[in-house]
Number of protein chains: 2
Amino acid sequence: MARADVRAAMQERILETADRLFYGQGIRAVGVDTIAAEIGISKRTLYNHFPSKDDLIVAYLSRRLKPAPPSDRPPLEQIMGAFDRLERTIATGVFRGCPFVNAVAELKEPAHAANRIALAFKEQRRVWFQGLLERLGIATAEPLSLQLQILMDGAIAAAIVRGDPAVAAAARAAAKVLVEAASVSGPRPIPSD
Amino acid sequence: MARADVRAAMQERILETADRLFYGQGIRAVGVDTIAAEIGISKRTLYNHFPSKDDLIVAYLSRRLKPAPPSDRPPLEQIMGAFDRLERTIATGVFRGCPFVNAVAELKEPAHAANRIALAFKEQRRVWFQGLLERLGIATAEPLSLQLQILMDGAIAAAIVRGDPAVAAAARAAAKVLVEAASVSGPRPIPSD
DNA sequence: CCGCAATTACACAGGTCTGTGTAATCTATG
DNA sequence: CATAGATTACACAGACCTGTGTAATTGCGG
């Protein structure tokens, strides 16, 4: 039964490289030959695992759809931590924006599966925000969660153009103001944590 | 001297079409042949006006660098109006995000002139926000202007993925909260308008 | 050790793209 | 009308892309 394992390992190697190149240079800018050459396999082998470039694109995006690991930190700390992580991501290594937004912007076909995956990702993050806000006892958790998501996406877009991690800190400060405003004007939070 | 006028008119026709196609389908996705065919001129003529596709891209982006027309409406109204206009833009016609962010994301060369133009555009808008905030007597006008710009960019990015103009309204509401929070905590605004 | 599946090298079809070369034609200006 | 510049049609080079066909080779499981 090691055959399936070997096959899965090869697929993962392909996806790792595709991720690095697709994200770093753009999906349209990277050819299938380039990915195969980077790994050191033949193009034929790559097509044996992914029957078309579109399949590879979908797999590349799906692989990035990992739900956030549950944490026992206080909700507000988790929310602020998301912006801190973004700031570190912008500062460290290759930052080229949100891979999902880039994919949607780069693939002109409106019915592409990338749109569905991108929407799923954004909604997943928004719901994560919403859950934390509800634990803070905030009544307007749903609209506020969308606003936090907008701040995240805005910091990412601004960081692409400005190349400055400070935009994440600015977004974080804005998020803090919004959450606090919703806390005082809404019902009292449950002081459980 | 009508020769120069005719030449300028042709350049404008080319740029109009390039704008529509570049923005609507992506810079990399649209070939020079397609633009020429759409206008009904030969590819040779297009290359007579723009010696390379890169020149055309730069001209396309530069043409969108128009400063906002001065307005005598109250500053807060102008700020909120920017989000209202964004909401209408998302809802009406072809919306494909911010052309400058898209260009930077699509062109992998980090030294491309598009980066400079995109930065100039974002900074132009931020300074416009800053001036209005200063007229409101807000002490933290500069950092707040960056936060408003982040909200704009975030609403744009979220709208691409969600296809829902409501994100602009959410961003607008968040902007209102941020401006009001900065107004009450800072020095009193000058009640001139 | 046999056989099967994966992998490889290599060529190629068919399409796209940017940019140029050329010779003919059109058009407005002097 | 004459001339110079703009435009046209058309071919083509050179590069890149996705995807396939084929035959030889490798390596692992039974």
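Residue numbers start from 1 in every chain, and the chains themselves are labelled A, B, ... in the order their sequence lines are given, proteins ahead of strands.
For D/dA6, the OP1/OP2 oxygens have no side-chain nitrogen or oxygen of B/His49 closer than 4.0 Å. Neither OP1 nor OP2 of D/dA6 sits under 4.0 Å from any side-chain N or O of B/Thr45.
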remark   = Per-nt protein contacts along nucleotides 13-20 of chain D (heavy atom under 4.0 Å; B base, S backbone sugar-phosphate only, - none) come out as ----SBBB
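For B/Glu16 and B/Arg13, the salt-bridge test fails: no basic side-chain N is under 4.0 Å from an acidic carboxylate O.
In this structure, the CG atom of B/Asn48 is 10 Å from the P atom of D/dT8, given to the nearest Å. Distance CD1 (A/Ile41) to P (D/dT25): 21 Å, rounded to an integer number of Å. Distance CD (A/Gln11) to C1' (C/dT7): 15 Å, rounded to an integer number of Å. Atom-to-atom, CZ of B/Arg7 to C1' of D/dT7 comes out at 12 Å; the value is rounded to the nearest Å. Rounded to whole angstrom, the span from the CZ atom of B/Arg13 across to the P atom of D/dT7 amounts to 9 Å. What separates CE of A/Met10 from C1' of C/dA6 is a distance of 9 Å, to the nearest Å. The distance from atom CG of A/Leu46 to atom P of C/dC10 is 18 Å, rounded to the nearest whole Å. Between the P atom of C/dC17 and the CD atom of B/Gln25 lies a distance of 11 Å, rounded to the nearest Å.
Residues B/Ile41 and B/Met10 are in side-chain contact: their nearest non-hydrogen atoms beyond the backbone lie under 4.5 Å apart. Residues A/Gln78 and A/Arg135 are in side-chain contact: their nearest non-hydrogen atoms beyond the backbone lie under 4.5 Å apart. In this structure, B/Phe95 and B/Pro165 have side chains that are not in contact, with every pair of non-hydrogen atoms separated by 4.5 Å or more. A heavy-atom distance below 4.5 Å is found between the side chains of A/Asp54 and A/His112.
B/Asp55 and B/Ser52 share a side-chain donor-acceptor pair at under 3.5 Å.
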